[in-house]
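These notes are about the structure you will find just below.
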Amino acid sequence: MHHISILGSTGSIGTQTLEVAKACGIPVVALTAHSNVDLLEQQARQFHPALVAAADFTAAASLAQRLSDTDIQVLSGEAGILAAASLPQADTVVTALVGIAGLEPTLAAIDAGKRIALANKETLVCAGPLVMARAKEKGAEILPVDSEHSAIFQCLQGSLRGELQSILLTASGGPFFGWTRQQLQSVTAKDALQHPNWSMGAKVTIDSATLMNKGLELLEAMSLFQVPAEKIKILVHRESIVHSAVEYCDGSVLAQMGEADMRLPIQYALTYPHRVPGPARRLDLLQCGPLHFAPPDLETFRCLALAIAAAKEGGTAPAILNGANEVAVAGFLEGKLGFLDIPRVVEAALNQVAREPLSLEAVHRADLLARQAAQKAMDA
């Protein structure tokens, strides 16, 4: 039985991880959040971890006062998050932080030799080759939590590397599948947050609407499974029943299917290589209806085209793409940008920020410069 530390326990993935932990009897030894003190206190009292941490110092001070009647250690800031990532009592660290903020804690967990249940895709998007090399050096295991990457991981079990022909990465298409650019001009954040199949955080839901999420997942898959972009085919699959598939050299295609329930891939990452009964909904093939597949519209949803280009370029281009996208999505959610401005802002940053050979320092520099360029493009 693995003891888990959850980085980002108050977000969508974090709360669902705690549902899995409760249902499967998995001990929780550390919890972290940014500033959601009310929920973090509630989680701490329910699961009684050894340590909780809030990145926001004011939130951490409030949490320490609230939990003063317990023996739970309360830490603050980045140091607190890193402590939770490397806590000796934890065997597995669930990295559910949003954005590039997850990179350093993931590296800290790797350096401590933990199993990483990776839900923070930006870690591999921005620094995939570096992170995977560090994991290999430290003997740390990285297991995917994203439903698509978990599906691919499951379909690859028992196969030899040379047998893989291609990865079939499925996308729901978001709420605007089939829409034209003219229709997308008047889209609001409220519209974009109405995902047809999945319940996710705001940032991921907007990325799903622009199809940027699928571009980020392509980059993540390249590092996780050590394949070039050319071996990954993206298919829009509206029903979200086939979570992804693998094509082998003999023509066989293996797919992993299930309900649109993130608790299933979360649980598999926590219990691998074993499967145990859990809280995820069961798939009834007699009730799910016909399954459909279509190519993505790269002209209308230009974020995906930009991500594919960055994936093929490599180096710091993916970090620039990611940093600019985080700024653009935040601007859209705040009502400062239109939906079609998101790819415009990302492309402006990609055109302006110089590339560097890949290193952690270069990744952080590219992220900073991309954010500055994106902000400038927003203000223009």
Side-chain angles (χ1 to χ4, degrees), residues 1-98 101-102 104-106 108-120 140-141 143 145 199 201 261-272 274 276-280:
M1 180 64 69
H2 285 265
H3 292 63
I4 63 173
S5 172
I6 306 174
L7 311 184
S9 66
T10 59
S12 175
I13 294 295
T15 55
Q16 291 179 88
T17 301
L18 287 172
E19 290 180 33
V20 171
K22 180 180 178 181
C24 299
I26 300 172
V28 178
V29 296
L31 298 168
T32 83
H34 183 265
S35 57
N36 192 339
V37 175
D38 291 340
L39 183 52
L40 190 54
E41 179 192 5
Q42 179 184 325
Q43 292 173 345
R45 292 190 180 278
Q46 180 178 1
F47 291 91
H48 205 85
L51 181 154
V52 296
D56 181 85
F57 287 94
T58 302
S62 174
L63 187 64
Q65 185 175 20
R66 295 186 186 199
L67 294 176
S68 60
D69 61 325
T70 74
D71 60 355
I72 300 172
Q73 183 182 16
V74 179
L75 298 178
S76 61
E78 183 182 14
I81 307 300
L82 295 177
S86 55
L87 190 69
Q89 298 97 304
D91 309 298
T92 298
V93 177
V94 181
T95 58
L97 300 170
V98 176
E104 294 300 335
T106 301
I110 287 172
D111 287 343
K114 308 297 186 185
R115 167 184 282 188
I116 314 297
L118 186 69
N120 172 255
E141 194 175 23
L143 300 181
V145 164
S199 175
D261 189 333
M262 280 302 302
R263 292 173 297 182
L264 184 57
I266 290 169
Q267 180 176 313
Y268 191 66
L270 298 183
T271 64
Y272 173 81
H274 305 290
V276 301

message: Run the side-chain contact (heavy atoms from CB on, under 4.5 Å) test against Ala33 and tell me which residues pass, sequence neighbours left out.
response: Thr10, Leu40
- request: Quick one: pull up OG1 in Thr95 and CD1 in Ile6 and give me the separation to the nearest 0.5 Å.
  value: 11.5 Å
query: Going from CG on Leu31 to CZ on Phe47, what distance comes out if it is rounded to the nearest 0.5 angstrom?
result: 8.0 Å
message: I'd like to check Asp71 versus His48 (side-chain heavy atoms, cut-off strictly below 4.5 Å). Are they in contact?
response: yes
message: Just to verify, what does Glu141 make a side chain to side chain donor-acceptor pair (under 3.5 Å) with, not counting sequence neighbours?
response: Arg115
Distance, nearest 0.5 Å, that separates CG of Leu51 from CD of Gln73: 5.0 Å
query: At their closest point, which heavy atom of Phe57 faces which heavy atom of Gly77, and how far apart are they?
result: CZ-CA, 3.7 Å
- prompt: Got Thr58 and Val37 here, is their nearest side-chain heavy-atom distance under 4.5 Å?
  reply: no
message: Within the structure provided, determine whether Val93 and Ile4 are in side-chain contact (heavy-atom separation under 4.5 Å).
response: no
query: So do the side chains of Leu143 and Leu118 get within less than 4.5 Å of each other, counting heavy atoms only?
result: no
statement: Hits for side chain to side chain donor-acceptor pair (under 3.5 Å) against Thr32, two or more places apart or cross-chain, chain-then-number order -> none
message: For the OG1 atom of Thr70 and the CD atom of Glu41, what is their distance to the nearest 0.5 Å?
response: 9.0 Å
task: Evaluate the side-chain proximity of Ser86 to Asp111: yes if any heavy-atom separation is below 4.5 Å, no if none is.
output: no
task: Starting at CG of Leu67, measure out to OG of Ser62 and round the result to the nearest 0.5 Å.
output: 9.0 Å
query: With sequence neighbours excluded, what pairs up with Ala117 under the side-chain contact (heavy atoms from CB on, under 4.5 Å) test?
result: Thr92, Val94, Val145, Ala269, Leu270
field: side chain to side chain donor-acceptor pair (under 3.5 Å) contacts touching residues 19-29 (sequence neighbours left out)
entry: Glu19-Arg263
task: Of all the heavy-atom pairs spanning Gln267 and Cys24, show the shortest one and how long it is.
output: OE1-SG, 3.5 Å
message: Within a 6.0 Å radius of atom CD on Gln46, are there more than 12 heavy atoms belonging to other residues, nucleotides or ligands?
response: yes
field: Residues that Glu104 engages under side chain to side chain donor-acceptor pair (under 3.5 Å), provided they are two or more places apart
entry: His364
message: Which heavy atom of Leu87 sits nearest to which heavy atom of Ala30, and what is that distance?
response: CD2-CB, 3.9 Å
field: Considering all heavy atoms, the nearest Ala50-Gln89 contact
entry: CB-NE2, 3.9 Å
field: Expected output: side-chain Lys114 to main-chain Ala85 donor-acceptor under 3.5 Å
entry: no
Which atom of Ala280 lies closest to which atom of Asp261, heavy atoms considered: CA-OD2, 3.4 Å
Nearest-0.5 Å distance that lies between atom CG in Asp56 and atom CG in Leu63: 11.0 Å
task: Looking only at non-hydrogen atoms, find the nearest pair between Ala96 and Ala119 and report the distance.
output: CA-CB, 4.1 Å
